[in-house]
Each structure stands twice: as C-alpha cells, then as structure tokens.
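See structure below.
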There are 2 protein chains.
Amino acid sequence: MAETGSQTGSQTPRERYRAQVRTEIKKHAWEQIATAGASALSLNAIAKQLGMSGPALYRYFDSRDELITALIRDAYQSLADTFRATARSGADPVALAHALRRWALEDPQRYLLVYGTPVPGYHAPEGITAIAAEIMATLLDACATLPANPAPTPFDPHLDAHRTWADGHPAPPAVLHRALTFWTRLHGVLSLELAGHFTGMGFDPALLYTAELDALLTH
Amino acid sequence: MAETGSQTGSQTPRERYRAQVRTEIKKHAWEQIATAGASALSLNAIAKQLGMSGPALYRYFDSRDELITALIRDAYQSLADTFRATARSGADPVALAHALRRWALEDPQRYLLVYGTPVPGYHAPEGITAIAAEIMATLLDACATLPANPAPTPFDPHLDAHRTWADGHPAPPAVLHRALTFWTRLHGVLSLELAGHFTGMGFDPALLYTAELDALLTH
DNA sequence: GAGCTCTCGTGATAGGTTCTAACTAAATCT
DNA sequence: AGATTTAGTTAGAACCTATCACGAGAGCTC
C-alpha cells in the first residue's frame, strides 16, 4: 500500500504531504477496484471521497493510466514482499504456493490486475519487470531446494538455451522447468477460481490447488 | 460471429434485417476489442462506423453490457464449435489442446474475454453456462479415451463425490481429474502467454505448452 | 520575520462516453 | 389503402478524462 521501494526517509514536509495524499488516493482506488473492477475506476469519484474536486488529482497522477500503473506496481511489490517474507523462513515451494493463494484470495482483483487481462498495447515500465524478476528469483531459489527427481523432458534443452529470464541463476534446466510449471499450473487453477469459472461446478478449488501442488512436487 | 444457436430459419424480412445489423454491430465490436480491449469498446464509435448516429444501436442491444454479454456468448459458442469439430475426427485430447491454442492465438482478446478478468459482480446468464457445460463434456469424452494410467490421488474421492459439473458423464474420478488439470494447466500457460507475461523471458511459449501437454498424457 | 516562489486546489471548459425521451419517416401488416 | 409497428433521428441529462488559468496559501530564502 505504501510507496514501497521508493526512498521514504528524510523528505521535505511538502514531499511528505504529497506522498500521503498519493497513498490515500491509491487506498480509495483499491476499494473501487475491489468492488467494481479496474475498468470502473473513476478519478472523479476518488476526488469526491477525498473531499476535493475533480482535476486536483492530476497534481498527483498524470493520468488515469498512470494511477493504474502505480497500482499494478504496488500489487507486484506486495506479492514480491510476501514471497520474500515467506522465503525468509525456509525456501519452501509449498509455503510459497500457499502464500500465493492467500495473497490472491485476500484481494482477487489485485491478483487479476497483475495477471489478468491486459490492455492490448500495454507495456510494463522498467520498474515492474524488475519486481517480476525478483519474484522469479525467489521461486527459482525455492525450487532449487527440492530433491532433483523430476524426469528430464524434451523441453529442458530449449529451456537451458534460453535462460535469460533466470538472470544468471545457476539452476539446472530441470529446476527452471519446475519453476515455470509451478508458476503456470498454480496460476491456471487460481485464475480460473478467481474469475469464478469453478462456481457451480461443485468441487472445492482449494483441494484442486493442493492436488496440483502435490503433483508438482512428486513428479 | 453469426447468431449461432438461435433459430435462423424462416424469419420475416424485418427479423432478417435486424439479425444482420446485429451481427454487423458485433463485427465492428470485435475489431475494436482486438485492437483496444473490451474496456475501450464504444457504442458511439461503432455507430459512426455503421454510418448511423449514436442511440440507434439501442434498438439492437439494450445496453453496452448486453452487447458484451452477447460477444462473450458468441466467443464461448465459437470455442464449443471448434471443440466439437475437432472431436468429430477422433476424440483426441492432443488435437483438442492444439485446437484450443490455435483458437486462442487467432484472437487473444476473444480468449481473454471468456477466461480473463471478469467484472466483480458479473454473473453469466443461463445460455452461457450451458455452452460451458458442452465444452466440458467434449473434454471429458476425449479424456475418457486415454489409457487409464494416471495414478489415483487423494483428490479423486472428493471429485467423485462432487461431480455435478460432469452432468451425468460416467467417467471415473481419475478421468474427471485429468480433464480438470487438462483445462487448468493449458489455461495456465495460455493465459500467461496471451497476457504477455512471457515476453522477454526468452523461451518459446509453444514448447512450454506442448511440454505441459506431454506431461498431462504421460503421468 | 518579510518577501519571493512554488505548489496545491479551484472553477471553467472541451470533448468523450452511456443512455433516455420525443419525434419523424418508412416499412410492414391487416 | 389505412393502421400499426419499427428504425433512425436530434436533443439532452449525467457521467467521465483531461487541460487551462487563476487565486490562495504553504514553505523556502535572505
């Protein structure tokens, strides 16, 4: 929620006030997004909630898109922080998976803002890709601690030859593959659950999630 | 694209004209969605493209949301048709998987309109859930033809006890589980690819997709 | 502390959107 | 042919994003 990642120490009073208003704007923005989705986010409505009128918000965010980008960045950072905090007490993929699900269910629209439908032309700014890389690194670390029992696949050589995303991580290709499937499979269950595609089907999404997690660890 | 599913035979000229304008509206709507996303869809812009002005569209769709709902329904139906056509020449999960990916890459925003971020309050109308059930049935049929080698999991009994989504399909729980993971895993890779989360990572998403498909069949 | 400067918030305005309402004109049905 | 239904129009209300010019005040400098 707070301006995590930017320098918060020793600011002028004006900068402090500015930062506080910015986070207040974002707080109300998250409330709107949680209840009506990101597409319904209205700067005007936020301004009214803050007791100021319309164009004042443009002192704090250049545009609606810039506000949304800031929200995406904060959401990413929140996930990265959650991952880092979880990994601090033992780099365990299982703990990471459950932390991911908790984080997602805590605010489904926040998860979907990060991993859901993007605007076709949208390109994430530099700061965001860096956070994504950190999340990937934490996941790789955790997967590297697992006993190396996954059978080699025809995909592994290609993955070994294209490991720019691993960013120098010394994991063998089998671990890279495991980290990737860890991501895609959990996201597969989670995103369908959050989007409501399991409602009315009867089964418990949490059990499917843990079943996928089990399969990830034992195969 | 066409009004698949509704009765198209023997209409009055007025009904015919009405149906034709409706599909023309939807055609332009899809173009807008493909280039700017569903949130940027503008009834005004569509009307101008059709040479008529603004509120005329409300003769054909009660609201913007109703138009989008119709688009979602058509997209679902298009996927169901693709699945049915693929299954007609042998109920093969591999063929189904490749048909799914082709269909998704053909129009990423169409896939994301169905499986992407929904509006929080949105509830799919009856007609749509019926199509989803048909897609599920086709998938279950295909998975039932596979050699029954998947090892039983602790999730299987729960799935056997909550099989309302299978809608009377006589598949054993292992097949239900396989169909479910088939769906979630392929969606996991596909949705992340379409949302652009693999861009810049280096590897080929198509190979990851087939790798997941392989894992689905051999384990 | 006095004065300068910079910034915050304002109202006005332009141009966009969805959607309703009243009216006209044309096509269809009886 | 006459009555009725329907398509499309313009006008307008209520939103929205975003820009501009202005006034008031907070903060920095001397």
Side-chain angles (χ1 to χ4, degrees), chain A residues 3 6 9-33 35-72 113 119-122, chain B residues 3 6 9-33 35-72 113 119-122:
Chain A
E3 292 273 333
S6 52
S10 87
Q11 298 177 330
T12 71
R14 255 194 176 140
E15 284 170 339
R16 219 211 306 276
Y17 175 75
R18 191 176 171 75
Q20 194 221 318
V21 175
R22 271 179 73 102
T23 65
E24 208 151 336
I25 291 171
K26 291 195 280 191
K27 195 187 81 188
H28 286 90
W30 279 120
E31 290 170 7
Q32 278 195 19
I33 288 177
T35 61
S39 63
L41 190 143
S42 157
L43 296 188
N44 252 335
I46 294 174
K48 273 182 188 168
Q49 286 175 343
L50 290 182
M52 54 183 172
S53 214
L57 290 207
Y58 287 83
R59 297 277 174 197
Y60 301 94
F61 293 95
D62 285 352
S63 70
R64 198 186 101 114
D65 279 5
E66 212 221 51
L67 170 57
I68 292 183
T69 299
L71 295 175
I72 294 177
L113 196 63
V119 175
Y122 184 76
Chain B
E3 293 274 333
S6 53
S10 87
Q11 298 176 330
T12 71
R14 251 191 178 141
E15 284 170 339
R16 217 212 307 277
Y17 175 75
R18 193 178 168 74
Q20 194 222 320
V21 175
R22 271 180 73 102
T23 65
E24 207 151 336
I25 291 171
K26 291 194 280 191
K27 195 187 82 187
H28 287 90
W30 279 119
E31 290 170 7
Q32 279 195 19
I33 288 177
T35 61
S39 63
L41 189 143
S42 159
L43 296 189
N44 251 336
I46 294 174
K48 274 183 189 168
Q49 286 175 343
L50 290 182
M52 52 184 172
S53 215
L57 291 207
Y58 288 83
R59 296 276 172 196
Y60 302 95
F61 294 95
D62 284 353
S63 69
R64 199 186 101 115
D65 279 6
E66 212 221 51
L67 170 58
I68 292 184
T69 299
L71 295 174
I72 293 177
L113 196 63
V119 174
Y122 185 76

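By convention in this document, chain letters (A, B, ...) are assigned in the order of the sequence lines, proteins followed by strands, and residues within each chain are numbered from 1. Nothing here was measured: the structure is a model prediction, and the numbers come from that model.
One interatomic measurement links the two molecules: CZ of A:F61 to C1' of D:dT19, which rounds to 19 Å at whole-angstrom precision. Counting to the nearest Å, the P atom of D:dA26 and the CZ atom of A:R18 are 18 Å from each other. In this entry the distance linking CZ of A:R59 with C1' of D:dC20 reads 10 Å, nearest Å. Atom CD of B:E24 is separated from atom P of D:dA7 by 15 Å (rounded to the nearest Å).
Across all non-hydrogen atoms, the minimal contact from B:S39 to A:S39 is CB-CB, 4.2 Å. Across B:A40 and B:A36, no two heavy atoms sit closer than the pair CB-O, 3.5 Å.
Once you apply a 4.0 Å limit to the heavy atoms of chain A, the touched nucleotides of DNA chain C run 5' to 3' over C:dC6 to C:dA12.
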Below 3.5 Å between N/O atoms, which protein atoms pair up with nucleotides 16-18 of chain D? Just atom names and distances, please.
residue	atom	partner	partner atom	Å
D:dC16	OP1	A:S42	OG	3.2
D:dT17	OP1	A:L43	N	2.6
D:dT17	OP2	A:N44	N	3.1
D:dA18	OP2	A:Y58	OH	3.2
D:dA18	OP2	A:R64	N	2.7

Please enumerate all protein N or O atoms sitting under 3.5 Å from an N or O of nucleotides 1-5 of chain D, with distances to 0.1 Å.
none

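The line from NE2 of A:H28 to CD of A:E31 is 5.5 Å long, rounded to the nearest 0.5 Å.
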Pair up each side-chain donor or acceptor in residues 57-71 of chain B with any protein partner under 3.5 Å, not counting sequence neighbours, and list the distances.
residue	atom	partner	partner atom	Å
B:S63	OG	B:D65	N	3.4
B:S63	OG	B:E66	N	3.2
B:R64	NH1	B:L41	O	2.4
B:T69	OG1	B:D65	O	2.9

Show which side-chain atoms of residues 43-54 of chain B pair as donor or acceptor with protein atoms under 3.5 Å away, not counting sequence neighbours.
none

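OP1 or OP2 of D:dG8 sits under 4.0 Å from a side-chain N or O of B:Y17.
Contacts of A:E24 classified as side chain to side chain donor-acceptor pair (under 3.5 Å), with partners at least two apart in sequence or in another chain: A:Q20.
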